[in-house]
Structure formats: C-alpha cells, structure tokens
Amino acid sequence: MSSLADQLSADIQAVVADAFTRGEIQGEVPSAITLERPKNRDHGDYATSIALQLAKAAGQNPREIAAILQKAIASIAGVSKVDIAGPGFINITLDRASQAELVRIILSNKYEYGRGNGLAGVTINLEFISANPTGPLHLGHTRWAAVGDSLGRVLSAAGAAVTREFYINDRGRQMDLFGQSVQAAAQGKPIPEDGYQGDYINDLAAEVVAADSNISTSEEFREAAYKVQLAQQQSVLETFNTHFDIWFSERSLHESKAVDHALDKLRSQGHVFEVDGAVWLRTTDFGDDKDRVIVKEDGDLTYFASDTAYYINKRERGFDICIYMLGADHHGYVNRLKATAACAGDDPAYNVEILIGQLVKIMEGGEELKLSKRAGTIITLEELVEKVGVDAARYTLIRYPVDTPMVMDVDVLRRNSNENPVYYVQYAHARIAAVLRNTVELGIASGLESFDPSQLIHDRENELLGALAEYPRVVAGAAQFREPHRVARYLEELAGVYHGFYADCRVLPLGDEAVAPIHSARAALCAATMQVLANGLDLLGVSAPERM
RNA sequence: GCGCCUGUAGCUCAGUCGGAUAGAGCAACCGCCUUCUAAGCGGUAGGUCGCAGGUUCGAUUCCUGCCAGGCGCACCA
C-alpha cells in the first residue's frame, strides 16, 4: 500500500520531470522527491527542499526553481495551496476533505494499514538472545527479547519472510561446568572453581534429583538440568510475548557434520590453511585483525568453528540476510563474522547484518544492581516482569535505539505513572474505546457507511489526520533501518496528537444537542486512530487495552 | 596501542536523506473536570547540541583531530 506521502512524492516527481523536459530546469532529474512534515504548522502539511537541492547543478537561483514548480504542484489533485518560503522551500497545503479520505483507507484496511512491501521477496534469518542454557535469562537477554521480537514483527510488516531463531549454546566447557555445578549442589559438595553459583543451581539440583533419584554423574546432571533450564527459558519467553520459529542446537550442528561441510566449502573457496597442526581460516583476507582457528592443535573444534558452520548452514537453508543481534561485549565478532561470509563467497555487506546493542543498567533504590550471572546476583527477565509487568518492560526496552546504553529505573517503572510512556499510549487507545462504546449507546455511526470527510476541517482534526498518514512511512523506516524504536516514538506522538484533538473536539453531542454528521465523522476518525494505535502496539508486542 | 558505541535542558532521552525558531517526559511554576476515561489538556521557565577545525546556500546531523565515559581486542565459551 502506498502512503499519501508516497503518492504525493510521486506526483511531484512527475511534475519536476516535466519541467526538465520543457527545459525550464537544467541538469539531471532527481530519482525521488523527499517530503518532510514541517514542525511548524504555518509551513503547510508537507514541505520539500527539492528546489534548493537542484539549484547548484542547474546554476539557477533556488527561489526561481521553486517558482517554476509552484504552479505545477498546485495543480496536483488534493493540493490546495503551494507557498515558497525562505531560501526556496516549497510548502504544500492539502485540501482538508481529501486528506480526510484517509479515514476510509484505514477503516477498510484495518490491520493491514501500515503494512508494506518494501522488503517483499527478501528472506531473513533473525537470530537473537542465543543464551547458554545454563541459567535464567537476564536483563541483557531481555533487551534483545523485546527488541528482537519487535524487529521481527516490523520486518514482517514490511513484507519480508522472517524466521526468528534462537541458537542454543549446548556444547562445550560451559555446559560441562554447568553439569558439575548442579552435581556438586545436589551432592552437597563445593561448587567447582569457575562454576555456576546462585540459588537457581540449588533449585535445578533439587528438581533433577526429584525426577530421578539415581542420577549421579556430572554428565547425567548436565543433561537433566539442561532440559529443565531450556524449558524454563522457553516458557518465560512465551509469557514475554517473544516467539521463536526455530530453537537451533549447537550440538545438532556437529551431529549433522555441518562443521566438516563448512570446512569443505571454505577450503574450496581457498581461504583455509594449516599451521602447527591447527586449521585456520584466513579472515584477514577480508578485513579481520587476525586469522581465526577452526580446529585446534589437539583436534578440538573452537567456538568459531560452530559459528562458521552455523552461518553457512543458514545460507544453505535459503536465507538472503542473516541478522545477528549481539551485545556490546561481543562487538569484536563483527569483523570476523563479516570476513567469514566473505570467505564463504558471500557479500558481507548484504548477506550479514550485525546489530550491536549497548548494555542495560538497572537501578533500584538509587543504586545500580550489578549483573553477574556467575555470582548469582542477577536480575532475570522473570524478575523484571514481576516488578513492572510485560507491557512496561517490553515498551521501555524497545523505545530506545539499541546503540544507546540505557538505564532502567525499576522504581520509576513500578510507579505505573505517566513516566512510563507505555501508559500514555495505551491510555489513548482505552480512551477511544470508551468514546466508541458511548457512540454505540447513542446510536452514532462510527463506520464508513455514513462517513462524510468534508466534516473534518478543524485544525486538530487535520493534525490528527496528518499523524495517521505518517504511519506507513514510519513502519517502512523502522524496517529499513532495523529500528523498531521508531514505532514507539511515533505512537507517543500520535497519542499526544489524539489527546489534543480530544481536548478541543467534542465527539459526542453535548446535552440535548441533536446527532449531526460531525459526530459521526469524528467517531470514524477516532476509530481510525484506535486502529493505528492497535496496529503499532502490535508491532511492539504490547497490549492495546479497551479499558484502563 | 588498535577497534566499536556514547556525549543534546537540572534528570532520563528523541531528533528522518544535511533544512526553516533543536523537541518530549520527569522535576519547577501557573491555569483547565456541573457531560466523552484528568493515566488527560493548555501555558511559563529551562540549551556553548563535549571542544576545535573542515565540507556548503545551510551542520546536532557528513569528514578530520582532540577531550571524557562505556565496551572489546584468545588454539575461552
């Protein structure tokens, strides 16, 4: 679906092209016209700086170019006024009734409104969290749970075929330590050096022993506790509205000989070599700081071996783009992952994307709570949800760009006050639901059957329509830049505009006032706003309550 | 030493592909409920966009250098 702005942009592009054809402007026809929504309402509904951009190549005064385009843009359907301002900005004011037609589009498209096809035909593997199954998910995982899940929804809304994947690191030394730690806890022995501490280890030990009292070796403890811990992670993520299509076990990668297969493939590309009995991948061919070992001198496989095999496996399963969401403490992986893709013959700029998220700090009682899994003093996803609820936790984690280090203040989030923007947005939705319940009672139509767009001429109505028209562009931008926080910020803006409309524009008749077309038109505008709020909240995985 | 991220109002943070007078929430102050949900609305006050150069019609935005903070540079996982 093309948005109003896209349509207008295309119309202007045609008009500009005509001016070039007639020789009124010199130079090259621009491939696209960018429209922005001016902050200042006096500058119209949309503005473009195209005249300023064309001026240099054309060797003409920007105001002159703007004047050439002014009349032609004014003749576009739905445009009511075109002004030239400042150095050559073109300010466009739209006909209000034609803008109000947007209500029709939203109410007839419902949940489809805002969805697009910018990424149609692209198959994306979205990998996030990928924690060891050796403990509960903590706050760092939780940021990715919220942001990753939301990004998946946003990419899907842009038309991509998305597979969400959780890579289970169920192999190697950490798993062995985990097994030994649970065993020690069960048998009343001291936890080994570098082992896992924390109450949850005791809980796991008790549960595992209760299920099988004969359990004794560290391998048995490891396997039993692994199953319990993984199930716990899966269960808590479901309650957090975060769904994965595939839980991919590192062990399965080795069982299927994927590592050997990957080595063969990389060898055939000519980037594998051997030194001192170890097998290396020459990642320095493609910008890595040092070459990486795949098979150690003693024959063991490195963690990098799994990463490499996993990447090649993903590509062979047909994914065009592999997105990795990693914590800032893993940003050293970026170069080697990109280089690995290049070694496999792929285009690292297209086939691999790595999103690095900065770490999350959490404050409570004015003090920072340290996140140390080993020490056992961790804030888990479950604990955060217990403290602030799923909606507030998800919303807060999503509303900031991931490259910003963020501080969550539990005390603030617990207050359930307006300091949580999630309530501001949800309140707008609930408020509209209440208004619409009243329209039903009064017999006022809020659907399209009696909708008259020419009724909506108030400044507040116009402002609300303008905000609603932005939604498809916001979703497309969030998908394109992999930034779901844009959706949250937009919703806060939309909610604010609605609250302003609500304060100035009465929807229901006052007192014994007769029901008139304006009431019905405003009710439909409310319904359209509610639809967009619901659509946006759904992209965040946050509920849209009917009552608060 | 090298690399990545960050630096915007008292606090927490937005800021679109470079665009017009840099925004929001909280905190402060002043207003608005005898009719739709006041979890709301309106207003006042608050700024050297870390510092210095450069690119140009125009820089918070792009480039270079510097300062400050966070994180990382394994034949660990």
Side-chain angles (χ1 to χ4, degrees), chain A residues 32 34 36-40 42-43 47-49 52-53 55-56 61-62 85-89 91 132 134 169 171-177 194 250 275-280 289-290 292-298 300-304 306 327-335 356-359 361 399-409 412 416-428 430-439 442 470 473-474 477 481 483 485-486 488-489 492-493 495-496 498-511 522-523 526 547-548:
Chain A
T34 59
E36 59 184 76
R37 285 181 38 83
K39 291 168 214 153
N40 189 332
D42 296 338
H43 294 154
T48 178
S49 58
L52 295 162
Q53 291 161 31
K56 191 168 190 182
N61 181 312
F89 290 103
N91 296 331
N132 294 330
T134 55
N169 294 126
R171 187 180 171 278
R173 178 176 147 79
Q174 292 304 317
M175 284 300 285
D176 293 338
L177 276 172
D194 296 330
E250 184 182 357
V275 170
D276 299 335
V279 180
W280 297 65
D289 342 334
K290 58 187 74 170
R292 306 288 168 180
V293 174
I294 296 176
V295 186
K296 294 190 239 176
E297 199 176 349
D298 61 11
D300 281 354
L301 294 168
T302 60
Y303 195 76
F304 178 68
S306 297
D329 53 344
H330 287 78
H331 76 249
Y333 284 37
V334 173
N335 283 342
I356 297 297
Q358 297 299 311
L359 305 180
K361 285 184 188 174
R399 81 184 282 265
Y400 301 102
V402 292
D403 49 15
T404 305
M406 68 171 291
V407 179
M408 288 185 97
D409 189 327
V412 169
N416 280 16
S417 75
N418 200 29
E419 289 173 64
N420 292 331
V422 63
Y423 289 101
Y424 186 79
V425 175
Q426 288 182 319
Y427 181 66
R431 195 178 218 187
I432 296 173
V435 171
L436 293 180
R437 282 194 294 272
N438 294 333
T439 62
L442 294 172
E470 281 302 287
R473 289 215 293 185
V474 171
F481 297 106
E483 292 182 347
H485 79 273
R486 290 165 184 253
R489 297 290 169 163
E492 291 165 33
E493 164 82 21
Y498 179 78
H499 288 313
F501 157 83
Y502 181 89
D504 288 353
C505 295
R506 177 85 196 178
V507 178
L508 305 178
L510 262 175
R522 284 179 173 168
C526 285
R547 295 172 199 272
M548 287 174 76

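So that the names make sense, note that chain A is the first sequence line, chain B the second, and so on, each numbered from 1.
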**Prompt:** Under 5.5 Å between ring centres and under 30° between planes: true for A:Y427 and the base of B:rG40?
**Reply:** no
**Message:** By the 4.0 Å heavy-atom rule, please label A:P62 as base, sugar-phosphate, or nothing.
**Reply:** nothing
**Message:** As a test of reading the structure: which of B:rG19, B:rG72, B:rU6 is closest to the side chain of A:P405, going by heavy atoms?
**Reply:** B:rU6
**Prompt:** Separation of A:L52 atom CG from B:rG58 atom C1', in whole Å?
**Reply:** 8 Å
**Request:** Return the 5'-most residue of the pair A:G500, A:I356 with respect to RNA chain B, ranking by each residue's nearest nucleotide.
**Result:** A:I356
**Per A:Y400 side chain, nearest of listed nucleotides B:rG19, B:rC36, B:rA14** = B:rA14
**Message:** With a 4.0 Å limit, can you tell me whether A:K296 has a side-chain N or O closer than that to the phosphate oxygens OP1/OP2 of B:rC76?
**Reply:** yes
**Prompt:** Using atom C1' of each nucleotide, how far apart are B:rU64 and B:rC11 to the nearest Å?
**Reply:** 33 Å
**Prompt:** Base, sugar-phosphate alone, or nothing: which one does A:A47 contact when heavy atoms must sit under 4.0 Å apart?
**Reply:** base
**Request:** Would you mind telling me which of B:rA20, B:rG3, B:rU35 lies closest to the side-chain atoms of A:H331?
**Result:** B:rG3
Report all interatomic pairs (protein N or O, nucleotide N or O of nucleotides 21-24 of chain B) with separations under 3.5 Å.
residue: B:rU21; atom: O4; partner: A:N40; partner atom: ND2; Å: 3.3

**Interatomic distance at P, B:rA9 relative to B:rG1, whole Å** = 29 Å
**Asked** Does any nucleotide pair with B:rG1 by Watson-Crick or G-U wobble geometry, both distances under 3.5 Å, and what is it?
**Response** B:rC73
**Distance, C1' atom - from B:rA28 to B:rG10, rounded to whole angstrom** = 10 Å
**B:rG15 and B:rA20, which share atom name P, separated by this distance in whole Å** = 16 Å
**Request:** Mind checking A:M406 for me? I need base, sugar-phosphate or nothing, with any heavy atom below 4.0 Å counting as a touch.
**Result:** sugar-phosphate
**Prompt:** Base, sugar-phosphate, or nothing for A:A434, non-hydrogen atoms under 4.0 angstrom?
**Reply:** base
**Prompt:** Closer to the 5' end of RNA chain B via nearest nucleotide, is it A:G511 or A:N91?
**Reply:** A:N91
**Prompt:** Is it the case that A:Q174 and A:T134 place a side-chain donor and acceptor less than 3.5 Å from each other?
**Reply:** no
**Item:** A:K290 side chain near B:rC73 phosphate (N/O to OP1/OP2, under 4.0 Å)
**Value:** no
**Request:** Can you tell me the distance, in whole Å, between the CD1 atom of A:I432 and the P atom of B:rG40?
**Result:** 15 Å
**Message:** Any carboxylate oxygen within less than 4.0 angstrom of a Lys/Arg side-chain nitrogen, looking at A:R173 and A:D194?
**Reply:** yes
**Request:** Between B:rG50 and B:rU61, how far apart are the P atoms? Round to whole Å, please.
**Result:** 8 Å
**Prompt:** Taking only side-chain nitrogens and oxygens of A:H330, does any of them come within less than 4.0 Å of OP1 or OP2 of B:rC5?
**Reply:** no
**Request:** Choose from B:rU35, B:rA38, B:rA39 the nucleotide whose nearest atom is closest to any side-chain atom of A:Y423.
**Result:** B:rA39
**Request:** Round to a whole Å and report the spacing from CD1 of A:I294 to P of B:rA74.
**Result:** 17 Å
**Asked** Is the charged tip of A:R431 near the ring of A:Y498: under 6.0 Å from the six-membered ring centre and within 45° of its axis?
**Response** no
**Given B:rC17, B:rC36, B:rG72, the nucleotide with the shortest approach to the side chain of A:L508** = B:rC36
**Complete:** Whole-Å distance, A:E493 CD to B:rC41 P, equals 12 Å
**Asked** Within less than 4.0 Å of OP1 or OP2 of B:rG72, is there a side-chain N or O belonging to A:N335?
**Response** no
**Request:** Output the single nucleotide from B:rG19, B:rC36, B:rG15 whose closest atom is nearest the side chain of A:Y502.
**Result:** B:rC36
**Request:** Determine the contact category for A:V435: base if any of its heavy atoms lies under 4.0 Å from a base atom, sugar-phosphate if only primed atoms, P, OP1 or OP2 are that close, otherwise nothing.
**Result:** base
**Request:** Ignoring backbone atoms, establish whether A:S49 has a side-chain N or O less than 4.0 Å from OP1 or OP2 of B:rG18.
**Result:** no
**Message:** When the P atoms of B:rG42 and B:rC5 are compared, how many Å lie between them, rounded to an integer?
**Reply:** 38 Å
**Request:** Scan A:R547 against the nucleic acid and name what it touches under 4.0 Å (heavy atoms): base, sugar-phosphate only, or nothing.
**Result:** base
**Complete:** Checking N1-N3 plus N6-O4 or O6-N4 for Watson-Crick, or N1-O2 and O6-N3 for wobble, each under 3.5 Å, the partner of B:rA59 is none
**Prompt:** If you take all heavy atoms of A:P87 and A:L52, which pair is closest and at what distance?
**Reply:** O-CD2, 3.6 Å
**Partner nucleotide, any strand, of B:rG7 [Watson-Crick/G-U, under 3.5 Å]** = B:rC67
**Asked** Where the side chain of A:M548 is defined as all heavy atoms beyond and including C-beta, which of B:rU6, B:rA39, B:rU12 is the nearest nucleotide?
**Response** B:rA39
**Message:** What's the gap between B:rC76 and B:rA39 when it is taken at their C1' atoms, as a whole Å value?
**Reply:** 50 Å
**Request:** Report the distance from atom OH of A:Y498 to atom C1' of B:rA39, rounded to the nearest whole Å.
**Result:** 15 Å
**Pairwise C1' distance for B:rU16 and B:rG23, with rounding to whole Å** = 14 Å
**Message:** Need one value for A:G172: base, sugar-phosphate or nothing, where a base atom within 4.0 Å counts as base even if backbone is also close, heavy atoms only.
**Reply:** sugar-phosphate
**Request:** Mind checking A:A85 for me? I need base, sugar-phosphate or nothing, with any heavy atom below 4.0 Å counting as a touch.
**Result:** base
